[in-house]
Each structure stands twice: as C-alpha cells, then as structure tokens.
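Every number for a ligand or one of its atoms is a count from 1 in the order of the listing.
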Amino acid sequence: MFDYPEKIQLAQLSTPLQPLDRISNELGGPRIWFKRDDLTGSHLSGNKVRKLEFILARAKSLGADTLITCGGTQSNHCRATAFVAAQLGMKCHLILRQDPSEGDSPAVDDGNLLLDALAGASTEIFPAKGFASQLRKRMQAAKERYAAAGHTPYLIPVGASDGVGIWGYIAAAQELKNDFESHQIAPEYIVCASGSGGTQAGLTVGAKHLQLGADVLGFAVCDNADYFHAKVRSDIAAWRREYSAQAEAGPYITHVNDQYIGQGYAQASDEVLALIAWVAKTEGVLLDPVYTGKAFYGLVQEIKNGVFSNQRDLVFVHTGGIFGVFPWRQRFSSVLAQKNTRIN
Ligand SMILES: *Cc1c(COP(=O)(O)O)cnc(C)c1O
C-alpha cells in the first residue's frame with residue numbers, strides 16, 4: 001500500500017500486543033490490549049524511536065552530523081534523540097523547557113535529563129514562561145552556532161512529529177493490522193496519549209488506508225482538543241505534501257478527548273499516580289505520570305462511564321515514558337503511603 005521512504009533501523013520491532021485481562025475484568029468493560037511500544041528498546045524505549053528511524057534516514061541523507069531538538073526537561077523524545085545521536089556517532093543539542101513539576105528550582109539531573117547528559121548531549125534549559133514564543137529563534141540560533149563551527153546540523157521538531165516522523169506510526173499501524181489478524185480481534189478504537197500529535201497522526205493515516213476498521217482516539221496531555229485536531233491534520237498535510245503519490249486525500253477522522261489534562265503538561269493528580277501503581281501491581285506494566293498514565297486514567301474513567309460498553313476489544317498504545325517516573329518519587333511515596341494507611 002505505502003511506498004515507505006528509507007529508514008535507519010533503531011527500534012526493536014515489532015512490539016507485542018498484549019491483553020490486560022485482570023484489569024479488564026476488574027473494570028468490567030471491553031478487553032484492553034496494550035501495544036507495548038515501551039518495549040521498542042531499553043534506553044530508546046517509547047514511541048519517539050519509531051519516528052526517529054525515518055527522520056534519521058532523512059538527516060543522514062542530507063549529510064547531518066548534529067541533531068538539534070527540543071522538549072521539556074523530562075522529555076522522552078530528547079532522551080531518545082540523545083541516544084540515537086550517540087549510537088550513530090553524531091552530536092546532539094537539546095533546548096529544554098523546565099517542567100512545571102520542578103517549580104522554580106534548577107532542573108535536577110534525574111530521569112531523562114540524567115540520561116541526556118550520559119549520552120553526551122549538550123543542553124540549554126529555559127523557564128517555561130515564554131519558551132514557546134522563543135523556541136523557533138533559539139532552534140535557529142543553535143543551528144547557526146553549529147554550522148559556524150563547521151558542523152551540519154539537522155533540526156527535529158518537538159516530539160519528532162512532522163511529515164517525515166509520522167511514517168513511524170503509519171508503519172506501526174501495519175504492525176497493528178497484523179496483530180489484529182493473528183489475535184483475531186476487530187477493535188473499534190486505537191487509543192494513545194497525544195503530546196505533539198505525531199503518534200496520533202501516523203496511526204490515523206495508517207488505520208484509514210490500511211483499513212484497520214478502527215478509529216484512533218487521542219487523550220490530550222497538554223493542549224485542548226482544537227489544538228490536537230489541527231496539529232494532527234497539519235502533520236498529515238505535511239506528509240501528503242512530501243509524499244504526494246501516497247494516498248488520496250482524507251477525510252481523516254480525528255478523535256480527541258481533552259477532559260483529563262488536569263492542571264496541565266507534566267502535572268499529574270494523585271489519582272493518576274494511584275492508577276499507575278494499580279496497573280503496575282495488577283499487570284506488572286509500568287505507565288508514566290506525564291503521558292501514558294494520564295491517558296490511561298482518562299480511558300479508565302470513560303470505560304467506567306460506559307462509553308465503550310458495547311465493545312469487545314480496545315487497544316491502548318503504551319508509548320513508553322518509564323524514565324519519567326523517577327523524578328516523581330516523592331509524590332509516588334506519599335500516594336503509596338496514603339493507600340497503605342487506608343488498607344491497614
Ligand atoms: C511523546 C510521548 C507521547 C506523545 O506522543 P506524540 O506523538 O508526541 O503525541 C506519549 N507517550 C510518551 C511516553 C511520550 O514520550
């Protein structure tokens with residue numbers, strides 16, 4: 001169906017599709033399956049490496065020797081990019097926004113930020129306030145600095161979500177199609193956390209043209225539904241402009257639930273943290289507070305509300321985030337302590 005562009009093999013694929021029977025039974029809703037994209041690698045764990053496989057092939061073809069990208073201080077995307085750069089013998093520069101969970105104190109070398117440093121990435125950390133409006137200028141400035149020093153830099157947008165990166169999740173939709181056939185299931189929804197929209201965009205394109213028979217539903221973790229409808233469509237439009245021969249135009253149906261963002265990006269409630277602990281002990285699978293835990297919390301509430309009651313199977317893409325758990329150690333300790341008090 002698709003004429004895939006070149007990619008550099010970086011991820012461990014394909015990832016398992018696995019039913020969570022104990023959780024599904026406790027909820028009394030559809031059977032929930034996890035697409036285990038947390039298993040795409042150890043330090044490359046998560047969804048970003050699928051997109052980076054295609055982006056790196058492009059960057060290399062342009063002679064790039066330096067990757068410049070951006071995200072929050074606990075960005076999984078930045079950590080994956082830092083390790084990909086190291087694996088390919090490239091330099092990496094990260095422009096980071098201080099996560100709100102860190103307040104005004106300097107970002108600590110923990111979780112993903114620690115790994116960025118170990119992978120040899122250079123970092124600049126800026127306050128959250130004004131970050132978005134300054135980003136383009138700062139990315140450009142970094143590019144010029146590296147170029148002036150004789151390097152060939154390549155800019156990767158936030159979350160590796162662009163017309164090239166979404167190939168990663170078009171290919172993932174092909175994997176899901178094979179998974180559905182081998183497990184003989186026909187889910188109506190594929191659910192994911194949406195942060196920069198590329199995962200949802202790729203899955204949306206793949207699900208439509210590969211005729212998965214499922215719609216893609218993104219749970220927003222930061223911006224509202226309007227933002228994600230537009231972002232998913234603009235990533236798809238960018239993809240169509242570059243690879244115009246690929247497929248006839250939409251309509252692409254996009255579904256976004258923005259009811260579970262809570263206080264904002266990288267801010268998770270005690271309920272989300274308690275859900276992460278529940279999934280960990282019930283199924284032995286670890287979600288993260290910023291993306292997958294928040295999205296799965298939303299999905300569980302919707303299941304409890306009966307939204308999916310007429311469905312047999314539901315797929316949740318576990319997009320990774322494991323290293324983002326550690327900076328939350330104090331919050332997790334207090335949530336676990338509250339629970340223990342209640343049980344005793
Ligand atoms: C980046 C990320 C997401 C969101 O994916 P997007 O393609 O940016 O929308 C979800 N989960 C985890 C763990 C991530 O790191």
Which pairs of donor and acceptor atoms, one on a side chain in residues 200-207, lie under 3.5 Å apart (sequence neighbours left out)?
unit_1: Q200; atom_1: OE1; unit_2: S194; atom_2: OG; d: 2.7
unit_1: Q200; atom_1: NE2; unit_2: H255; atom_2: O; d: 3.0
unit_1: T204; atom_1: OG1; unit_2: Q200; atom_2: O; d: 2.6

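Y291 pairs by the ring-ring contact (aromatic ring centres under 6.0 Å, His included) definition with Y265, not counting sequence neighbours. For Q259, the side chain to side chain contact (heavy atoms under 4.5 Å, CB included) test picks out N257, with sequence neighbours left out.
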Hey, mind stepping through D223 and K231 against salt bridge (charged side-chain N to carboxylate O under 4.0 Å, His left out) and telling me if it holds?
CA-CA 10 Å; D223 300 280; K231 179 62 167 56; over 6 Å; no
When you pair each N or O of ligand 1 with protein N or O atoms, which pairs come out under 3.5 Å?
unit_1: ligand 1; atom_1: 5 (O); unit_2: N47; atom_2: ND2; d: 2.9
unit_1: ligand 1; atom_1: 5 (O); unit_2: T199; atom_2: OG1; d: 3.4
unit_1: ligand 1; atom_1: 7 (O); unit_2: K51; atom_2: NZ; d: 2.6
unit_1: ligand 1; atom_1: 7 (O); unit_2: G198; atom_2: N; d: 3.4
unit_1: ligand 1; atom_1: 7 (O); unit_2: T199; atom_2: N; d: 2.9
unit_1: ligand 1; atom_1: 7 (O); unit_2: T199; atom_2: OG1; d: 2.6
unit_1: ligand 1; atom_1: 8 (O); unit_2: S196; atom_2: N; d: 2.8
unit_1: ligand 1; atom_1: 8 (O); unit_2: S196; atom_2: OG; d: 2.5
unit_1: ligand 1; atom_1: 9 (O); unit_2: G195; atom_2: N; d: 2.7
unit_1: ligand 1; atom_1: 9 (O); unit_2: S196; atom_2: N; d: 3.0
unit_1: ligand 1; atom_1: 9 (O); unit_2: G197; atom_2: N; d: 2.8
unit_1: ligand 1; atom_1: 11 (N); unit_2: T319; atom_2: OG1; d: 2.6
unit_1: ligand 1; atom_1: 15 (O); unit_2: K48; atom_2: NZ; d: 2.9
unit_1: ligand 1; atom_1: 15 (O); unit_2: N76; atom_2: ND2; d: 2.8

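At least one side-chain heavy atom of H43 sits under 4.5 Å from a side-chain heavy atom of Q87.
Judged by distance alone, the side chains of Q174 and K177 never bring a donor and an acceptor atom under 3.5 Å apart.
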